[in-house]
Asker: 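Please find one structure pasted underneath; my questions will follow.
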Amino acid sequence: MLRIRCIHCGPRDENEFVCGGTSHLTRPPLGASDGEWAEYLFFRDNPKGLHLERWRHAQGCGAWFNLARHTVTHEILAVYPITERPPAIVERTPPSAEGSR
Amino acid sequence: MGDLEAALAPVSADGIEAILERDWHVAALRYFAVHGDLIEALAKCGLGLPALGQAVEARGPGGAHFLLAARSPTETWVMTRDGAAFGALAAQLAPCVDGCLVDQSGGLWPVRVRGARIEELLTRIGSTAALVAAGAAHVTRIAELTVMVAAPGDGAERLLLVDRVYAPHLFGWIRATVADL
Amino acid sequence: MSAHRLPAPWGTRLDRAARVPFSFDGRDFEGFAGDTLASALLANGVRLTGRSFKYHRPRGVFAAGVEETSTLVDVGEGAYRSPNENAATLELVPGLTASSVNRWPSLRFDFGAINARLAAVLPAGFYYKTFKWPDWHWYEPSIRRMAGLGRVANASDPDRYEEIAVEVDVLVVGAGLAGLCAARAAAEAGARVRVLAAGPQPGGALAYRDPQRARELAASAERAGARIATRTLAFGVYDHGLVCAREKLVEQDGAQRPRLRERLWKIRARAVIAATGAFERPMVFPDNDRPGVMLAGAVEEYARAFGVACGRRVVVAANCDSAYDTARSLREAGMEVVAVVDRRREAERGRDPGPGTRVIAGAGLSAVFGRNGVSGCSVRQDAAPTGRAERLDCDLIASAGGFAPAVHLHSHAGGRLRWLDAEAMFVPDGPAGVVVSVGACAGVFDATAAAEHAELAGRALARGERLPPWPAPGIGRSLAHTALSGARGKQFVDLQNDVDLGDVALAARENYRSVEHLKRYTTTGMGTDQGKTSNVNALVALGEFSGREPAAVGTTTFRPPFVPVTLGTFVGRRTGALYRPLKRLPAEAWHVERGALFEQFGNWWRPAAYPQPGEDLHAAAQREAAAVRRGAGLMDGSPLGKLDVFGPDAAAFLDLMYVGTVSTLKAGQARYGVVLNEHGVVMDDGIVARLADNRFWVNTTSAGVERTAAAFEEWLQCEYPQLRLCITPVTSHYGNVTVAGPRAWAWLASIGFDAALAPKAMRHMTLREATWEGTPLKVMRASFCGELSYEINLPVDRTRALLDRLWARAAEFEAVPYGIEALEILRTEKGYLHVGTDTDGTTLPGDIGMARGVERKAANFVGRRSLLRPAALDPNRFVLVALDSADGRTLLPVGAQIAPEPPPTRTQGHVTSSYFSPTLGRPVALAMLERGGSRVGERIKVHHLGRVIEAVVTRAPFVDPEGRRIDGEE
Amino acid sequence: MTSGYSAWSLLRGAVGGHRHWPPAWPAVEPKSRYDVIVVGGGGHGLATAYYLAKNHGLRNVAVVERGWIGGGNTGRNTTIVRSNYLYPESARLYDFSLKLYEGLGKDLDFNIMLSQRGLLMLAHSRHDLDAMSRWANAMRMNGIEVNLLDRAAVANLVPALDLSPRARLPVIGGFLQPRGGTARHDAVAWGYARAAAALGVDIIQNCEVRAFLKDGARVTGVETSRGRIQAVRVGIAAAGHSSVLAGLAGFRLPVTSYALQALVTEPIKPALDTVVISPGTGAYISQSDKGGMVIGAMLDLFPSYAQRGSFAVLQAILASTLEMFPSFSRLKMLRHWAGIVDVVHDSSPIIGPTPVPGLYINCGWGTGGFKAIPVGGWTLAHVLATGENHPLAEAFQLERFVTGRLVDEAAASGIAH
């Protein structure tokens, strides 16, 4: 069970949160092609390594925020506001394809 | 299904007590810009927004006792037992445009918990996030529900704020846990 | 093996004054307080305690801890029966009733033992090679009856379980020498330290080797501030420093009464020190599974801790230096050590065995004599492989094959392992996340080195400093492979699942050479002991048979739990009514008084109907529905989802959430709206009313309110953070009493409702704020039944008062309370849909006639783009239609499929709602039907479980199509 | 089959101490070139190789597996086989798979212990019963046998269930697919491996694909931890790692990988004779032939490749299981693990070509891959051998995510009311 530092409330157990999937997606306009709409709705990098994702503190302050988390080790590298880009340190960490046990 | 009133009856054993207090007026203060007209109207009533994670006691209209607890960056819960003062506050805030008061009385129920074994109870029905210092208020998962636990004033007691429809469930967890404490 | 009790001071854990009666397989015995069931059985000379899983070979007590493979018992009766309890860790309590498992009719005469005779045709994986003809189903039932050990309880568990959460700086798992040293040092350095001792007292092996020092060490750790919890076993390390442990509160005594039985500890630790010791590795020799073959350390523990000599004449089968310490202890306990048969040559010994014991070096056991107990063994030396084996008379064989560090917690935390060739063991390769290993589980066996390293580690972790270097094991050489070449007979690797060297050789031969394949193909390591004493011997043997070093073979994955843990302990209080919250109506008592029949609807406990004497649910619903059409009725609508949406951008935001346009509503106006997800699927529906320029009243379904409020919040915070509004759920603040029927207004007027709310003064689909007897109301004219209908939202604590006042005047208007069932009849008569019943996860707004005018709308509302995809524009989509039964009598079953030909064929739709209409005197139904819009009047076939019913596609509403009844009686 | 498996062969083996048994699949070094390479040595990959050889005569085939065959989801699932699907396209696909399972023991000459003990879905409310009536009737339209059961019928089928009306989620009925049940997961992998090897397929373990060899846009082989291997066509059957391989080939999938937990209790005497699934609580359970209760869960709903599960989800699974079976409370959990499942929005697979010429894929099975191993192999083999999609796979192509023609089983069974 993860321990996530909510951006407002501090460290809380994972069962207080809901994951909203990959973050930093841009919603295409109405005129977008079916292919562009499919990319937005369905197609994902699904990295085995660093993942920038959205979380909601459902059983807490209710706020959405972003997390940079490694999908194999579950290590959380950064927590940052929903409206912001990932902090610099995260950009430099390449998503590693480390073997999983 | 057991009788609803029986489900909500007070729980008491040596060192721990939990009582539902139905006579509170409760409202949610909602706001966008923190220094909008809502904050000024509040100030006129002698009240101010607590910082995130905090619960403050204050004297509102007519000197009535108020408790304000931060729920989220855009929401604070305000409570008083004085109906007239509550009405006065609501009237004062009615014209505001940068935020509003949403009456939640009867829908959001405070449960007072007192006694030496408060923390033994809270860490059995919630996580360590349920342990709050004097003057603090956390919204966290207790009895699998979303509950605010506040330690107003000197922090000797706790108030658990829970949605009315889930109160029987919360009391169910408290009753079962206290029986084995 | 004639085990017997030793006099004091042997038995450091015993309270010889407290005699404890217990029974095993129906025979009564007596032990002392402090005994385990295993030690008490041994003290009473009971040798035969179990039967092995596959061959049903006779087994006795083998170990003294969690690694016990052979003595599993069912404890307690009926609802209190706990299967497969490990006798070696089960504390003896008065009235304990235990029964052996996996044998029929008894331990001594077990028909299952026939498998031992057929062993030759039952190698590992034999069941993959046969039982195919004629069919596995022929053989499965008898094989299932043979399998399994104990039996499950026959009724729900009366005992209770709870969980507790705690945060510590340093958690020390294991309260032996290393654990206590680390804990004291960490506490002295100012950390909040908690120590977990699995057994009833701290000290581990120190507690019976040097009780005085163990007590002092524990006391000094506590004085420094460390808190020691006993009978609390850490069984798993999870993400981010979460360690879960199980505390045993009561043992299984005879008093079958409900109690708090176990407690789950959820511990968040900044740092974890694993001090969990090591398991002794058994030697591999023919028939090394006989009752009377035991781990050497266990024999010493039974003597020192429990005051039980497991035999009179013992042969120690050794492969490590510590075997000589054990031999000395057994001699002190008055047992005759016939010989130490050391597998290693003299040169390989770490130190001199000392006087008094006959040592046969470079030798191994070639046979064991005796079936239900050891009567002797034969020894052969490597130097004379074909020479005559020497027979030794003994009643006990102590197996000392070296050690396997308990690296479980280190591995749970993702740690890597490293093979030490000299000591023939895997040890942690550096720390693992938050877990640092000390003492024997880190491969540090020398007491002084272990104590010092533990102390340094404890201090470093408390202060967040660099960890001390890992000292050498200090335990001398052990051979990896101990079996004598050419020895014949079954040489067991996994005692519980009966896996021997022949099986490992077979696996290697058939190329099941991954250690994971070995485990699954032979089932070694898959018993209740999870391979604690078999894993290393199995992987070493696999290496021998496949030409690889143990390091290359590697280990299988260590997974929680470290020991089997009761399911109830994971679940805690989440049982019975507390399994899942059930939402209760504010004025539930009023409905109980009216004789309501309650059911669960979307986690709400609500009246389905109000049956009068002689009525069942359906008869009551028919009466209630007719009464609403004829006169009036009231329904408790409090579960209706209610959101307060406030702010200058509220209107613009709701235009982005709803399919229809909301911003054109004027204050007081209300409009039915549908909410989609981004895939265009109908997720929720309800009425939106405008209270003011910057405030809206939003109703959703009772089941969907939390999901819809969360969806709105997600769009606001993540996509439209610049918009200035807030969404506040107020479902529980407002009670809702819906009064419907032609005489609804007359009824309301009779209890003093303001004339401004009369149908003439207040149009349908509008909302007025009014007061009634000083109570502020939000009254909306909205109708889910097609009659004149008022939805009265009022402060929740006034709900009961309104219901009472209405009920006092009900008779005058032939008014009744009506439940969900009647509501479903009424809304189906009108052809109104119910999201989640008529629609599913594929229904688009166009399928339910809710997409008209979408093109003219400006806002790119949620899901809109998905409505332009080919699948959404497909003319053959299933759309909502109304159905009449062709014969006007037969009810069309819900879920029945529509198709011209009988199955198997492609379905063209299904019935979603279907009721007998009391108003029309015939059935009415709704259905999803392919191209339904263009098939009105068509006759169709409806198939239900083989029956075919004719139906006709018609138009809804069935009742009052022109909607003339909406304003009630003149 | 050089040495068939039978009771007689076991007797013959007993005489010689079982020394004569050949490797089930020989250990081989990878050749430099094959006609087809299948990436992923789980059930789907091994079945693909077997059907390439058996159905299409293609024997110059290699299966390359990163770890040990059957070590991914094939070795981590709850071994349930069923075809109780609502949409015709899904029902045909899964029932074809169940029919293959019914003959698989003999076809592979390997006892996969297919136990058609019946699969029972529980209803806890009248709304559930309505949804199950639709589900059962849809199955009959697809020609799949199913019976609706009332409470009494459920009670005598599963006596250990809590049928008291006071239960928090009372059981009021359900439906049974008699042909549903379980199969021994390891045996399915080893059976396919042995049969494929016997037809000439090379099964190469500890061989991780690091990159795809390309000639222009076309894939011409793989770069692995054991060297380069060329091939005319390459098929991916890597479940939770599908996106990793797609990434190496330069395209994206509509897939997210989640941990799916399962656990087993200690072995006890028979106490549960059918597979029981409760959509209302999200728990499903069956008893293995060795006697352990095998309990499965819903997903840990955050992306993960960690093959271990969240403790909070584990507690929720067991609370649901004990809500149905309160007498199992005193059973003890023996072991708990997680697989990495490739979840697609409509919980339906993707079997066919990828945007990269020469590269084909079988993925998207999410939580339901084990029951589909035979048909997954059959249909991927078909497109790898012929370049054309098998009719059964026609509805399950990547372009459905662009047209919106999803085959959404979970959605069709109704949003929780």
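Numbers restart at 1 for each chain; the letters A, B, ... are given by sequence-line order, proteins then strands.
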Asker: Give, for atom CZ of Arg574(C) and atom CH2 of Trp173(B), the distance between the pair rounded to the nearest 0.5 Å.
Answerer: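 Here the rounded value is 4.5 Å.
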Asker: So, do Cys726(C) and Cys100(B) sit near enough that their side-chain heavy atoms are less than 4.5 Å apart?
Answerer: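 The answer is yes, as the side chains (C-beta and beyond) meet within the 4.5 Å cut-off.
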Asker: Checking side-chain contact (heavy atoms from CB on, under 4.5 Å) against Gln104(B), which of Val796(C), Asp644(C), Val730(C) comes through?
Answerer: Val730(C)
Asker: With chain B as the partner, which of Ser638(C), Gly735(C), Ser732(C) has the greatest number of non-hydrogen pairs under 4.5 Å?
Answerer: Ser732(C)
Asker: With the side chain counted from C-beta on, respond yes when Arg164(B) and Asp797(C) share a heavy-atom pair under 4.5 Å apart, and no when they do not.
Answerer: yes
Asker: If you count heavy-atom pairs within less than 4.5 Å of chain B, which of Lys266(C), Arg268(C), Arg259(C), Arg580(C) leads?
Answerer: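 Looking at each of Lys266(C), Arg268(C), Arg259(C), Arg580(C) in turn, Arg580(C) comes out on top.
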Asker: Once you round to the nearest 0.5 Å, how far does CD of Glu75(B) lie from CD1 of Ile727(C)?
Answerer: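 Result: 11.5 Å between the selected atoms.
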Asker: For Ala28(B) versus Thr728(C), what's the shortest heavy-atom pair and its separation?
Answerer: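 So the two residues come closest at CB-CG2, 4.3 Å.
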Asker: Please state whether the side chain, the backbone, both or neither of Pro639(C) comes within less than 4.5 Å of a heavy atom of chain B.
Answerer: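 Contact with chain B involves no heavy atom of Pro639(C) at all.
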Asker: What is the minimum heavy-atom distance between Phe646(C) and Cys96(B), and which atoms define it?
Answerer: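 Of all heavy-atom pairs spanning Phe646(C) and Cys96(B), the closest is CZ-O, 3.6 Å.
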Asker: Once you round to the nearest 0.5 Å, how far does CG of Asp103(B) lie from NE2 of His733(C)?
Answerer: 3.5 Å
Asker: Please lay out, stage by stage, how Arg724(C) and Val97(B) fare under the test side-chain contact (heavy atoms from CB on, under 4.5 Å).
Answerer: CA-CA 10 Å; Arg724(C) 289 159 45 94; Val97(B) 289; 5.6 Å; no
Asker: Relative to chain C, which segment of Leu145(B) carries a heavy atom at a distance below 4.5 Å: side chain, backbone, both, or neither?
Answerer: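 Answer is side chain: those atoms of Leu145(B) sit under 4.5 Å from chain C.
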Asker: Does atom CG of Asp14(B) have more than 12 heavy-atom neighbours from other groups under 6.0 Å away?
Answerer: no
Asker: Which bit of Leu585(C) comes within less than 4.5 Å of chain B, counting heavy atoms only: side chain, backbone, both or neither?
Answerer: backbone
Asker: Calculate, to the nearest 0.5 Å, the distance between atoms CD1 and CD1 belonging to Ile164(C) and Ile125(B) respectively.
Answerer: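 Ile164(C) atom CD1 to Ile125(B) atom CD1 measures 11.5 Å (nearest 0.5 Å).
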Asker: Go through His169(B) and Leu578(C) one step at a time and tell me if the side-chain contact (heavy atoms from CB on, under 4.5 Å) criterion holds.
Answerer: CA-CA 7 Å; His169(B) 189 79; Leu578(C) 297 184; 4.1 Å; yes
Asker: Under 4.5 Å from any heavy atom of chain B, what part of Glu167(C) do you find: side chain, backbone, both or neither?
Answerer: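 Glu167(C) touches chain B through backbone and side-chain heavy atoms alike.
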Asker: Under a 4.5 Å cutoff for heavy-atom pairs, which residue among Gly99(B), Gly126(B), Ser127(B) has the most contacts with chain C?
Answerer: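 That would be Gly99(B).
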Asker: In plain terms, say whether Arg263(C) and Asp180(B) are close enough for a salt bridge, that is, a side-chain N and a carboxylate O under 4.0 Å apart.
Answerer: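 Here Arg263(C) does not pair with Asp180(B) in a salt bridge, since their nearest N and O are not under 4.0 Å apart.
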Asker: Once rounded to the nearest 0.5 Å, what's the spacing between atom CZ of Arg584(C) and atom CG of Leu8(B)?
Answerer: 8.0 Å
Asker: When only pairs under 4.5 Å are counted, which of Leu4(B), Leu131(B), Asp163(B) shares the most heavy-atom pairs with chain C?
Answerer: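 Answer, by heavy-atom pair count under 4.5 Å with chain C: Leu4(B).
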Asker: Does some side-chain heavy atom of Pro581(C) sit less than 4.5 Å from a side-chain heavy atom of Glu144(B)?
Answerer: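 Heavy-atom side-chain distance check fails, nothing below 4.5 Å.
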Asker: Counting heavy-atom pairs under 4.5 Å with chain B, which one of Arg160(C), Arg573(C), Glu163(C), Lys583(C) comes out on top?
Answerer: Arg573(C)
Asker: Could you tell me which portion of Thr74(B) (side chain, backbone, both or neither) has an atom closer than 4.5 angstrom to a non-hydrogen atom of chain C?
Answerer: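 Neither part.
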